[in-house]
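Comments concern the structure below.
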Amino acid sequence: MIATALIGLVLIAVVGLLGRRGGGVDLADWTVGGRRFGAVATFFLQAGEIFTTFTFLGMSGLVLGGGVAAMYMPSYLVLGYVGMFLVAPLVWRLGKRHGYRTNSDLLRHRFASPALARVTAVLAVVFFMPVIQVQLVGLGTIVSFMTGDETAGTVSIVLAALLILLFVLWAGLRGVAATSYLKDVLMVVALVIIACGVLAAHQPEGGLFTAVSEQAGELLTIRPSGTYGTAWYVTSLLVSAVGIGCMTLPSSWPAVLSGRSSKAVASNHVFLPLYTIAVAIPVVVGFYAVAEAVVPAGQDNAALLVMAREALPAWLLAVVLIGGAACAVVPAAGGLIVVSTLVAANLVPDGMPERARLRAGRVTAAVVAVLVLALTLGRPGLMADLYLLTYSGVIQLAPANLLALRERVRVPAAAVLAGIATGESVVLVSAAFGTTIFGLNAGLAGLAVNVLVTAVVTAVRRRDPDQREPVPA
């Protein structure tokens, strides 16, 4: 099984290395594939950044704690894709016209504010780096559990980090796109194998939900209050949907900007909601784990792996292992490119030549990879804790993104900065003190304050005749 894990990682890396095909000659080619990807490539890129190790580990684990509240993920994905259907083509057109590579590029140009670009780039890096680390932690968990060898998990993390960095430096987004095809096929195959194995091996008397009702009937309804209560479900769904729909996640931008046409980008959001059906498989497996009561206390996130290990022969477990590894490696590689691009495009000094920016991006990728690897091995919970704030933090960019897409931007950059600052303050204070307002997601509360402050500062600034509005694109 250990050999299978190593072979799977090497296979993923080789596919990524072969994905270059002459690319990577400048920063635009390295980060957005030269803006030549068709509908199929952009589809798998967008699917790849959503379906990660959380699909393998988190969804089934969430069922054990929250029951049907776990369905918030497919719900917010569908709503988010509706938003992206409207927003992404506009972003693509502006990006094509003005050469955008990141969200911060859009905000810098549309609000005529380098400061806004730098602030938003820093926020995106801070809130998104944990996503990379969590993929590596998830990979180690999968390999350790499936092989029964903790050392194997550590070795797989180190090898994965090195291979990810290698094909990111060599092939850039083209390499990620190439591995996305493999990753999504492996993920679906692995989930189907698990589902068939569990259905064949476990047949609770009276049916699945009768057994769940007897074991933990409260999991079949969303509770009015509590950790996974109605307030949590509704507000977390809204925060995540707005985050995706308004393209506040930095990982959303390469897939959109790399498309060769706005039609290719828009068509994906018609079919991506259907792809979320795959998320239902870990949810169903999670309910089987509840019915069978086979998951040890404190190991909720291993529910899907426990059920797979009990139901499948070793050779099929090997397929599941490789699929799980792919779900970690590909999003981690995409995240590494995203963070590196934000630094190279928005945080290095103005006037730097494009080739120098490309070198800066590659150096950043190496530094970030080493940093994330060190934290994963030394303090695996440090950035994982911050990961919980990812959506709440990046959603504060939603008002700025929507305002930037208007034909003429009439809100000053100072107002947007003030709104973002206050919104992020609400999120961070809530996280630091563990407080919520009526159980609402802190990101939604921060967004409300963000919008209010932006409106107030805009009204005040408009009374000053010396203040100029940003020019239209």
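Predicted, not measured: the structure shown is a model, and the values here were computed from it.
Within a 6.0 Å radius of CZ in F85, no more than 12 heavy atoms belonging to other residues, nucleotides or ligands are found.
Between the CD atom of Q203 and the CG atom of L208 there is a distance of 11.5 Å, given to the nearest 0.5 Å. R110 CZ to N401 CG: the interatomic distance, rounded to the nearest 0.5 Å, is 12.0 Å.
Of all non-hydrogen atoms in L373 and V158, the two that sit nearest each other are CD1-CA, 4.0 Å. Residues A442 and V426 approach most closely at O-CG1, 4.3 Å, considering heavy atoms. The minimum heavy-atom distance between G66 and L219, with the atom names listed, is C-CD2, 4.1 Å. What you find for V168 and A365 is that their closest heavy atoms are CG1-CB, 4.5 Å. Closest approach of I12 and T179 over heavy atoms only: O-CG2, 3.2 Å. Smallest separation of non-hydrogen atoms from A195 and I281: CB-CG2, 3.8 Å.
Sequence neighbours left out, the pairs with a member in residues 285-314 that pass ring pair (Phe, Tyr, Trp, His ring centres under 6.0 Å) are F209-F287.
Using a 4.5 Å heavy-atom cutoff, the side chains of Y181 and V15 are not in contact. Inter-residue side-chain proximity for P204 and T210 is flagged as unmet; no heavy-atom pair is nearer than 4.5 Å. When side chains are defined from C-beta on, L377 counts as touching I157, because their heavy atoms get closer than 4.5 Å. Side-chain contact between W253 and V91: present, with at least one pair of heavy atoms (C-beta onward) separated by less than 4.5 Å. Side-chain contact between Q135 and V131 is present, with at least one heavy-atom pair separated by less than 4.5 Å. With a 4.5 Å cut-off on side-chain heavy atoms, V338 and P254 count as touching. Residues L238 and N441 fail the side-chain proximity criterion, which asks for heavy atoms closer than 4.5 Å. Side-chain contact between V329 and L163 is absent, with no heavy atoms from C-beta onward closer than 4.5 Å.
Each of N346, T341, T31 was scored for a side-chain hydrogen bond (donor to acceptor under 3.5 Å, both in side chains) with T102, with one residue passing: N346. None of I244, T248, L444, V394 except one satisfies the side chain to side chain contact (heavy atoms under 4.5 Å, CB included) rule with V239; the exception is L444.
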task = Go through T53 and L139 one step at a time and tell me if the side-chain contact (heavy atoms from CB on, under 4.5 Å) criterion holds.
result = CA-CA 7 Å; T53 51; L139 173 63; 5.5 Å; no
key: Verdict with supporting geometry, R223 and T230, side-chain contact (heavy atoms from CB on, under 4.5 Å)   = CA-CA 6 Å; R223 298 182 288 273; T230 304; over 6 Å; no
inquiry  = Could you go through M84 and L272, starting from their C-alpha distance and side-chain angles, then the distance that decides it, and tell me whether this counts as side-chain contact (heavy atoms from CB on, under 4.5 Å)?
reply    = CA-CA 11 Å; M84 284 194 74; L272 278 169; over 6 Å; no
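For N103 and T120, the side-chain atoms include no donor-acceptor pair closer than 3.5 Å.
Looking at residues two or more places apart in sequence or on another chain, you find a side chain to side chain donor-acceptor pair (under 3.5 Å) between H269 and Q46. Legend: residues meeting side chain to side chain donor-acceptor pair (under 3.5 Å) with D184, ordered by chain and number and at least two apart, are Y275.
Taking the centre of each ring, Y72 and W232 come in below the 6.0 Å mark.
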